[in-house]
Trainee: 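Here it is, the structure, as structure tokens.
Each ligand, and each atom within it, is numbered from 1 in the order the structure gives. Quick caveat, the model's predicted, so the values are computed rather than measured.
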Amino acid sequence: MQKHKCDLIIYGSYILTQDEKRSLVNDGAVAVCGNRISAVGCKTAIDESWLADESIDTGKSVIIPGLINSHTHVPMTLMRGVADDIPLLEWLHNYMFPIESGLTRELVELGAHIGCAEMIASGTTAFFEGYMYENAVGKAVDQCGIRAVLGEGFFKFPSPFFKTANEAWETITDLHSTYADHGRITTAVSPHALFTTDPKQLVESMELAQKLDTLWQIHAAESVQETKLCLEIFNKRPIEILNDYDLLTKRTRIHHCVDVTPLEIEQIKYSGAQISHNPQSNLKLGSGICPITKFIDAGVNAGLGTDGAASNNNLDMFDEMRTTALLQKGFLRDPEAMPAQSVLDMATISGAEFLGFEDIGALKAGMKADIVAIDMDKIHLKPVYNPLSQVIYCSGGQDVCLTICDGKVLYRNGKHLTVDVETISHEAEKAVKWAIKRLNHR
Ligand SMILES: [Zn+2]
């Protein structure tokens, strides 16, 4: 039989395909042509049908789809550890905003490079982003080879990047045109939060999202304190504001949803809006616990996100997956809550839907080649009864041995192929001095 030609075949002990049947392939292989997967199957079948220019044998490993981080602010790696152990509003107003008001394009690009490198090394191949100077983030994303939805954040007060709402709309439109034909980057309209914007701005921004046909993301219902603030300003709860101003739509992506009522969960479900679950950030800021199982039971699509590195303090999706499973079991006093498969779904296929990408999140023919291998040949991962259990309950980002995005190898056996880690680490040390100076002069 004549073999089909492909560019690359990746071999591994197990493949968690995340296809419709959640198939597990033992002793498997993935054939890749250009930036797409051509076939997934057992090694023997793939070798019989496919001939590759190059092959990578990941040995005793579990191959999974590249993980998808549904909520982060990637340049905030620059503020990792600058202020811990304080409440959300104090953290924002006394630490984040004073530093952020002095950010430059160069610093944002540096922070984005650090964050992208961290995500690539820990098996994340796509993320939903929101920050300032997103064209600088886009530059880092483009160079690192990862996939992202970029969101230029805006507030009712001037951003360092633009002074008025009209300037914000122009910036967002420009960002959208810059990446209109980019294979790995899309954009979203990104108001920061309900208490840092005003309703007129929010309604106009949703009109812009409709015009550009993009997603619209916002932080909402993150804590009881935020609800109190919204009640003081608007006499309404956060999700009530979104509902009353027709901001709950199919293109709406809500980050957090910790302080919500059963009616609000129903309203989100009915509208087709989707949510991002960010348990470690919610725990660290003392914001509370999102009733994520209620959202999933109601049929709301939910992605899983780390949030920024200043409130987590890492971008490791393995860490986030483990927390997601354990937290709900303890919170609900139910060991059957949030099983491993549901958690992996959130970090892969549900995350893909959340980011608006149809062809990532699973390993099957026709999907984009976003592929990660986890090295199981480590003592803390032995023995292997169930690869899924191993991925969710005992692997960490540091166990990733191969990261491929869009058919391109970005990271292999501890080495980055698209990021100069030494240079950015050196620059990061310099940025610390700059941030401390900003805080001393606040
Ligand atoms: Zn956030």
Side-chain angles (χ1 to χ4, degrees), residues 68-84 86-97 99-100 103 108 111-112 115 118-119 124 126-134 137 148-155 159 187-197 202 205 215-223 225-227 229-230 238-239 242 252-260 273-290 292 302-317 319-320 323-324 346 351 354-355:
I68 298 168
N69 188 341
S70 64
H71 178 51
T72 191
H73 314 283
V74 76
M76 289 184 90
T77 50
L78 288 180
M79 277 87 94
R80 194 197 313 264
V82 78
D84 301 318
I86 48 173
L88 172 67
L89 295 179
E90 191 187 334
W91 177 81
L92 273 177
H93 289 284
N94 293 352
Y95 293 90
M96 296 304 123
F97 292 161
I99 295 178
E100 289 174 337
L103 278 174
V108 167
E118 181 184 356
M119 285 193 278
T124 293
F127 63 99
F128 203 136
E129 157 71 7
Y131 209 60
M132 295 163 286
Y133 292 116
E134 284 289 307
V137 177
V149 182
L150 304 179
E152 183 72 41
F154 59 87
F155 316 87
S159 131
T187 63
V189 175
S190 308
H192 173 254
L194 294 159
F195 59 94
T196 51
T197 52
L202 290 174
S205 73
L215 299 177
W216 185 92
Q217 64 168 336
I218 192 162
H219 295 90
E222 185 168 353
S223 66
Q225 289 83 352
E226 182 199 323
T227 304
L229 201 59
C230 287
I239 303 299
L242 292 176
T252 305
R253 300 293 185 267
I254 313 169
H255 304 299
H256 301 299
C257 288
V258 169
D259 187 33
V260 287
Q274 301 182 23
I275 70 156
S276 162
H277 182 44
N278 313 285
Q280 291 198 341
S281 174
N282 298 150
L283 288 171
K284 182 156 187 285
L285 292 169
S287 302
I289 298 171
C290 163
I292 186 65
L304 183 64
T306 57
D307 210 342
S311 66
N312 186 300
N313 290 1
N314 65 48
L315 305 178
D316 183 344
M317 286 290 288
D319 207 12
E320 205 71 35
T323 301
T324 301
M346 285 175 80
F354 188 91
L355 269 66

Trainee: So that I can check it, does any N, O or S atom in His255 come closer than 2.8 Å to the Zn ion (ligand 1)?
Mentor: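 Here the distance criterion (N, O or S atom, under 2.8 Å) is not met by His255, so no.
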
Trainee: Looking only at side-chain N and O atoms, does His71 offer a donor or acceptor that is under 3.5 Å from a partner on His219?
Mentor: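 Checked: His219/His71 side chains pair up, N/O donor to acceptor below 3.5 Å.
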
Trainee: Taking only Lys NZ, Arg NE, NH1 and NH2, and the carboxylate oxygens of Asp or Glu, determine whether Lys284 and Asp307 approach each other closer than 4.0 Å.
Mentor: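 Not counted as a salt bridge, because no side-chain N and carboxylate O are separated by less than 4.0 Å.
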
Trainee: Which atom name would you report as the N, O or S atom of Asp307 nearest the Zn ion (ligand 1)?
Mentor: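 Minimum-distance N/O/S atom of Asp307 relative to the Zn ion (ligand 1) is OD1.
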
Trainee: N/O/S of His219 less than 2.8 Å from the Zn ion (ligand 1)?
Mentor: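 Given the 2.8 Å cut-off, His219 counts as a ligand of the Zn ion (ligand 1).
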
Trainee: Quiz question: by atom type and distance under 3.5 Å, do the side chains of Glu152 and Tyr131 form a donor-acceptor pair?
Mentor: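 Looking only at side-chain atoms, Tyr131 and Glu152 do not form any donor-acceptor pair under 3.5 Å.
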
Trainee: Just by distance, no angles: are the side chains of Ser276 and Asn278 close enough, under 3.5 Å, to form a donor-acceptor pair?
Mentor: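 Their side chains do contain a donor-acceptor pair, which is all the 3.5 Å distance test asks for.
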
